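Data block below; observations after.
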Amino acid sequence: MLTLHVAEQSPETAVLVDGASVAAVGRYEELADADPRARVRRWPGILTPGLLNPYGPELLEATYHPDPREAGTLGTEPIGGERARAIFRADPARLGASARRGVQRMLAHGTVAVAGELRSRAVVDAVRRAGLAVGQRPDRLPGPAALSPTPLILLPRVVPGGPARFAVFDVADRAELVRRGAGTCVATVIGGRLVYRGR
């Protein structure tokens with residue numbers, strides 16, 4: 001099934017998806033006219049290639065992402081440092097479930113690829129099942145590990161024939177995305193599937 005994704009602030013970079021691949025990239029009007037059978041998904045903001053988060057090990061192996069049922073005792077925010085290590089030491093099986101929740105948080109921040117050497121099989125499985133690409137980690141990491149790292153690392157542009165992997169952010173342009181961060185994500189697509197929808 002063909003799906004045409006278009007964002008209000010970047011209609012010149014609409015993406016026509018066929019299965020797991022990009023069929024075409026171009027102006028929305030041209031793509032819609034060329035294939036009127038396509039299902040149209042309209043988004044606010046801009047459509048981007050999505051983000052690489054270079055902090056895969058830090059966010060998925062060294063951070064505990066609490067289950068919503070643990071909110072009363074552990075809160076809802078990610079837990080790092082010694083407290084996370086203590087949680088994993090007490091119950092190593094929690095790592096896999098935490099990693100799956102961490103991956104969901106990353107998807108909600110427009111992450112379509114991670115970098116860094118992942119050592120835990122449970123974490124590697126969570127990344128693979130989500131369809132996240134694995135990229136090369138930059139030589140220097142500029143700041144603390146974060147779901148919206150600074151600076152944001154955008155992947156190369158979306159191209160016809162390439163994987164249908166991109167993210168949409170509710171901002172006017174890339175400068176506003178840099179200023180406001182990845183928490184503005186409204187949609188993430190991996191393998192042609194909508195894996196996160198904010199609205």
Side-chain angles (χ1 to χ4, degrees), residues 5 7 10 13 15 17 19-23 25 45-65 78-81 84-85 88 95-169 171 173-196:
H5 293 265
S10 59
T13 55
V15 176
V17 173
S21 301
V22 173
V25 178
I46 62 171
L47 192 147
T48 73
L51 302 175
L52 167 78
N53 191 311
Y55 298 104
E58 292 83 356
L59 292 173
L60 298 176
E61 294 179 333
T63 301
Y64 181 68
H65 299 272
I79 298 168
R85 287 190 289 277
F88 294 138
L95 180 60
S98 170
R100 288 188 295 276
R101 291 187 295 270
V103 164
Q104 290 304 311
R105 286 178 183 248
M106 291 177 130
L107 296 173
H109 285 79
T111 297
V112 297
V114 295
E117 185 181 351
L118 300 173
R119 296 191 169 136
S120 162
R121 182 180 193 145
V123 173
V124 170
D125 285 348
V127 166
R128 183 182 48 78
R129 285 185 181 142
L132 288 169
V134 177
Q136 186 165 352
R137 194 170 198 167
D139 293 333
R140 264 186 62 234
L141 296 176
L147 293 166
S148 182
T150 303
L152 296 176
I153 303 170
L154 283 169
L155 291 181
R157 65 188 180 94
V158 178
V159 295
R165 180 172 51 227
F166 51 89
V168 183
F169 298 90
V171 293
D173 53 32
R174 286 189 179 192
E176 186 179 354
L177 173 57
V178 169
R179 197 169 55 254
R180 292 182 52 204
T184 57
C185 181
V186 293
T188 304
V189 173
I190 294 180
R193 295 179 302 114
L194 184 62
V195 294
Y196 170 75

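Only a predicted model underlies this, so the values are computations on that prediction, with no experimental measurement involved.
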By side chain to side chain contact (heavy atoms under 4.5 Å, CB included), which residues pair with Arg180, not counting sequence neighbours?
-> Val171, Glu176, Thr184
Mind checking what makes side chain to side chain contact (heavy atoms under 4.5 Å, CB included) contact with Ala130, not counting sequence neighbours?
-> Val103, Leu132
When rounded to the nearest 0.5 angstrom, what is the spacing between [atom1] in [X] and [atom2] in [Y]?
X      : Y      : atom1 : atom2 : value
Leu51  : Leu155 : CG    : CG    : 7.5 Å
Leu95  : Thr63  : CG    : OG1   : 10.5 Å
Arg105 : Thr111 : CZ    : OG1   : 12.5 Å

Evaluate the side-chain proximity of [Y] to [X]: yes if any heavy-atom separation is below 4.5 Å, no if none is.
X      : Y      : result
Cys185 : Phe169 : yes
Val189 : Val15  : no
Met106 : Leu59  : yes
Pro151 : Val178 : no

So which atom in [X] and which in [Y] form the shortest heavy-atom distance, rounded to 0.1 Å?
X      : Y      : answer
Gly45  : Ala7   : O-CB, 3.2 Å
Ala122 : Gly96  : CB-CA, 3.7 Å
Pro163 : Val22  : O-CG2, 3.5 Å
Arg193 : Arg129 : NH2-O, 4.4 Å

Measure from the side-chain N and O atoms of Tyr55 to the backbone N and O of Gly116, and report whether any donor-acceptor pair falls under 3.5 Å.
-> no
Flag, side chain of Thr188 to backbone of Leu107, donor-acceptor distance under 3.5 Å = yes
Test side chain to side chain donor-acceptor pair (under 3.5 Å) applied to Arg101 - qualifying residues, sequence neighbours left out = Tyr64
Residues passing the side chain to side chain donor-acceptor pair (under 3.5 Å) test with Glu58, sequence neighbours excluded, are Arg137
By salt bridge (charged side-chain N to carboxylate O under 4.0 Å, His left out), which residues pair with Arg121, not counting sequence neighbours?
-> none
Residues pairing under ring pair (Phe, Tyr, Trp, His ring centres under 6.0 Å) where one sits in residues 101-122, two or more places apart or in two chains, turn out to be none
Check whether more than 12 heavy atoms from other residues, nucleotides or ligands sit under 6.0 Å from atom CZ of Arg119, and answer yes or no.
-> no
More than 12 heavy atoms of other groups within 6.0 Å of Arg128 CZ | yes
